[in-house]
Structure formats: structure tokens, C-alpha cells
Amino acid sequence: MARDFKLIFAISLLLLLLGYCHGGKVGVCYGRSADDLPTPEKVVQLIKQHNIQYVRIYDYNPQVLKAFGNTSIELMIGVPNSDLTAFSQFQSNVDTWLKNSVLPYYPTTKITYITVGAESTDDPHINASSFVVPAMQNVLTALRKVGLSRRIKVSTTLSLGVLSRSFPPSAGAFNSSYAYFLRPMLEFLAEHQSPFMIDLYPYYAYRDSPNNVSLDYVLFESSSEVIDPNTGLLYKNMFDAQVDALYYALTALNFRTIKIMVTETGWPTKGSPKEKAAASPDNAETYNTNIIRHTVTNQGTPAKPGESMNVYIFSLFNENRKSGLDSERNWGLFYPDQTSVYQLDFTGKNSVLRSNSSGTNSSGSGNSWCIASSKASERDLKGALDWACGPGNVDCTAIQPSQPCFQPDTLVSHASFVFNSYFQLNRATDVACSFGGAGVKVNKDPSYDKCIYISAGGTKSKAMNATGLTSSASTSRGNELPRWILRLCLVILLLFGLQTLNLQAL
């Protein structure tokens, strides 16, 4: 009995620790409120071309489900609010739906989540939220009948409007008027290990209150910090503050184990007159680039440092049939003709340089590069190179054997290429070329043969394709965690193996 307990404890500890051994996942929302979009088959090819592995759709359209068949793309499908009444009333309705609308495509189409309702507390047409939990339970029961309740998770998506207070984060609290719905929903999520799905838009906070909210703070670009007076935690961006407000709200209701998943976030590229200061391609590129990097590098939040979280970018296309302000129709990463609205890298490894209207980078440094200083010691160069290729999150594939920047095989040459990559990916600031004195800025392009140094003036690595999204995710370092975390995971696995052997020997 004691041996069984020890084994169960060891397995539980391993699973808990392994949660820190993988980075957060970045997906994209594929909305279809438009009359000029490509066919689902072409959309899937576009998604595959840019190595996007996680996609959310808002219904269960058969043509879309079929198009995602025989791909490795993980799909989140949705039950629209209009279906909630029928789904909540009779189990037979859901059983029939699952049999006719989902199972014919599974597992060829890799469905991993079903969202039951979307932002139901904001739906002005029906009292949607009152139907959500019964509908979720019926969907889970239908999945259990066919043996899929462990493979497909069931949840619902909400807006930040479910909070009555979000600042300071430690004071985060749910709106008491939704208590009838929230508590049973949270009990469902906790019991079945499903995530709390939230749609977060720092954009709206800035748009509605530009005099009180800093643009840099919502774009992840702030050099200053906002302090939570209750905890002393420092916040450098609004996204983290909003996520932590949700964590504190969950904790206040004693739901500490529920994970948060951000099922929508993004930034519009165009808006109505009142939105022009906020909605722009530059701001959209900056926000989405930073949220991707923030997610894949597992930075976590001040209250949950290092904790992975999955995030979905809204949206794949501009959607011309949406109502409301101009911004509602301009959240897309792609135009209907499948060209990029702006450059973005979903791997987080090659954050694209953000340019202003004059064509220079936003730091104003113009065409400049960063290379290794001839005065730097070998020890300093090696230390800076290891840091840049590890915690610095630079893709160092190009300096590996048989790659275009491997020759000349010298520490100075390799360090120069990597220093410049870090320098350009961090807005070409003087600080980004310091490397403790091992780096130096130059005005002459150090590129040679097929080894191309990126620059603020627009020179790009040849690994980048014409639409501006990096397509070589297989060589990415951006989804990798810092080496010390990976080493820790290996140690955990080794210790677990030894513990298991000891238990078996008892």
C-alpha cells in the first residue's frame, strides 16, 4: 500500500513539474464573417505554409472540419450561442449533433477543444449564460459515451466583463451578478481539468481611455512599471495585469488549480476617426509580435512567473461583414487574397523589425549593424554568444555546420552574426549592442556570400518568405525554453526513473 502511494505521489509530482517544461502555444482565430474569403482548403494551405499549429473556429462547419483533415493542426471548434438552448434542454440533441457533425471528421481532423457558447454574458439577444453549464455538461456526457471525454476538453469563452474589478490585479473579483452562472461553471472546469477561456483586449482599454493608459504599457513596450500596492508586484504591460486579475479572482473563490487560456487577443490595423490614434498596422505588429514572444518564452506573469499559457491571436483575416466601428472589420493578419497585412512570426524566433512611415526603425538608428568588438576577450565573446543563443532567444541555426554563416569558423565571426540578430530583433538600440562591452555598432553591412545580416533598413534573412511570415519553424529556437529549464526537466525525468526503479525493488 505504501509503495503504491509513493508511486502515485511520484507520478503526480512529475506531471506537475513537467507543466513548466514546455512553452506556451500560440494559435490563431479563423473567423469567417466575410463574403470574400478564400475557400477553407486554401486557408488550411495558408496556415500550413506559415507553420501555425493551433486554430480556433467559432462553429462546426463541415467544409471547414473536412479541410483540416489529415493535418497535424489542433482545432478548437465552437457551439454558437444560438445553439445553447437546444443543447441545454435535451441530451439527445447533443448526442445527435456529435454523431452527425463531429464524429464523421474525428480523428482525421484533430479536434482538441469544444467551446460551448462565446462571451455569453455579453450576448444582448438571449439569456445565453443560463444555458451554458447545462449545455457543457451535455456535451461532456456525449463525449463520454463515445470515449472521448479525456481527449477533447469542454469549456466556454468569456470576456473580461465578467470581472467587476481588475485593478490592482490582486483585487481582481468576479461580477456578483454572474454568480448564478460562474460558480457552477468553475466547478465544472475544476472537476474536469478544463481551462478558463478568456478573450483579452488591452487595445480597448487604451482606445477608451488614452489619457489614463499608456500606449507603450499596452504594447509591451513600457520602460516604466505599474506597482500593485497590495502585493508589491511590478507590471510592465496590461496583458499580464489582466491575466493576474483573473487568477486572483479565481483564488478568491478557491479555484486555484484552474488554468487560464487566452482564446482571443490582438490589435486592429484600421479604425474609425476616434480610433485612429490606436488602430494602425505598426501598433498591431508591435502588440502581436510581443504577445507571441511573451507566450513562447514562457515568461508567465508577475503572480505566476514561468507558468505556460496558451494564446490565440485574433484574427486570421479581416472580416468585412462585421458590424460596428471600422476596427471590427480590420483585425486580420491576412487580406482575403492571402497576402500579409503586416509581418509577423508565429514561432517568436525572428521578431520582425517594426518600421515607422519614414522607413527607419522606431529607435531612429537608421542602417546600422552590431558586430563583435575586436577588443573583446574570448571569454567575454563566448559568454555573450551563449547568452544570446539561450536566454536571449536568438535563432543561432545559421552559424551551425553546413549553414550559411558557419564559415569562417571563428568565435568573432559567429558572435558578430548572433550579436547583430539580437540587436535588430530588439529595435536596434544602443543597449541591445552592448553585450557587456563585447559588441560594437558599425555602419557598413557585414554580410558576405550567403550570410545575410538583417538590418533596420529592411534587409531580411533569406529564410523569410515573400509574405513576411517565417516558414522554417522546424529550425526555430523561439519555441524553446531557456536551457536551464530544459536541463531541470531532464533531471526530473532521471530522478523519476530512479525513484520508480527503487519502488519496484521494494
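Model, not experiment: these values are computed from the prediction.
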When you look at D216 and S214, which way does the side-chain hydrogen bond (donor to acceptor under 3.5 Å, both in side chains) test go after all the steps?
CA-CA 5 Å; D216 284 346; S214 163; 5.0 Å; no
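- Using the six-membered ring where Trp is involved, H294 and F239 have ring planes that are perpendicular, over 60° apart on the 30 and 60° scheme.
- The side chain to side chain contact (heavy atoms under 4.5 Å, CB included) test with F196 is passed by exactly one of T156, L158, T263: L158.
- R165 places a side-chain N or O within 3.5 Å of a backbone atom of F167 that can act as its donor or acceptor partner.
- Between atom CG of residue L37 and atom CG of residue L316 there is a gap of 8.5 Å, rounded to the nearest 0.5 Å.
- For the side chain to side chain contact (heavy atoms under 4.5 Å, CB included) criterion with Q242, the lone passing option out of V262, N237, L200, T265 is L200.
- Ring orientation note: the planes of Y201 and F314 are nearly perpendicular, at an angle over 60° on the 30°/60° scale.
- A donor-acceptor contact closer than 3.5 angstrom is absent between the side chains of S323 and E328.
- Between W331 and Y203, the gap from one ring centroid to the other is short of 6.0 Å.
- In K270, the NZ atom is not crowded: 12 or fewer heavy atoms of neighbouring residues, nucleotides or ligands sit closer than 6.0 Å.
- In this structure, the side chain of E264 does not engage the main chain of D199 through any donor-acceptor pair within 3.5 Å.
- Judged by distance alone, with hydrogens and angles left aside, the side-chain atoms of D240 form no donor-acceptor pair with the main-chain N or O of T301 at under 3.5 Å.
- Distance check, rounded to the nearest 0.5 Å: CG of N100 to CG of D95 gives 10.5 Å.
- Residues L75 and L65 approach most closely at CD2-CD2, 3.6 Å, considering heavy atoms.
- N290 places a side-chain N or O within donor-acceptor distance of the main-chain N or O of T286, the cut-off being under 3.5 Å.
- Checked by atom type and distance alone, the side chain of Q91 pairs as donor or acceptor with a backbone atom of N138 at under 3.5 Å.
- Taking every heavy atom of both residues into account, C29 and Y312 meet most closely at SG-CB, 3.9 Å.
- In terms of heavy atoms, L233 sits closest to Y248 at CD1-OH, 3.7 Å.
- With hydrogens and angles disregarded, a donor-acceptor distance shorter than 3.5 Å links the side chain of D228 to the backbone of S170.
- Of the N and O atoms on the side chains of N310 and Y113, not one donor lies less than 3.5 Å from an acceptor on the other residue.
- When each of F188, F174, F255, Y178 is checked for a side chain to side chain contact (heavy atoms under 4.5 Å, CB included) with R183, only F255 meets the rule.
- Side-chain N or O atoms of S88 include none that pairs as donor or acceptor with a backbone N or O of A135 at under 3.5 Å.
- In this structure, K99 places its NZ atom where only 12 or fewer heavy-atom neighbours from other residues, nucleotides or ligands lie under 6.0 Å away.
- Side-chain N or O atoms of S209 include none that pairs as donor or acceptor with a backbone N or O of A205 at under 3.5 Å.
- Taking each heavy atom of A284 and Y342 in turn, the nearest pair found is CB-CE2, 3.7 Å.
- For L163 against A249, the heavy-atom pair with the smallest separation is CD2-CB, 3.7 Å.
- At most 12 heavy atoms of other shown residues, nucleotides or ligands fall within 6.0 angstrom of atom CZ in F90.
- Atom CZ of R151 is surrounded by 12 or fewer heavy atoms from other residues, nucleotides or ligands within 6.0 Å.
- In plain terms, the two heavy atoms of A278 and N283 that are nearest each other are O-ND2, 2.8 Å.
- Heavy atoms of other residues, nucleotides or ligands lying less than 6.0 angstrom from NZ of K322 number more than 12.
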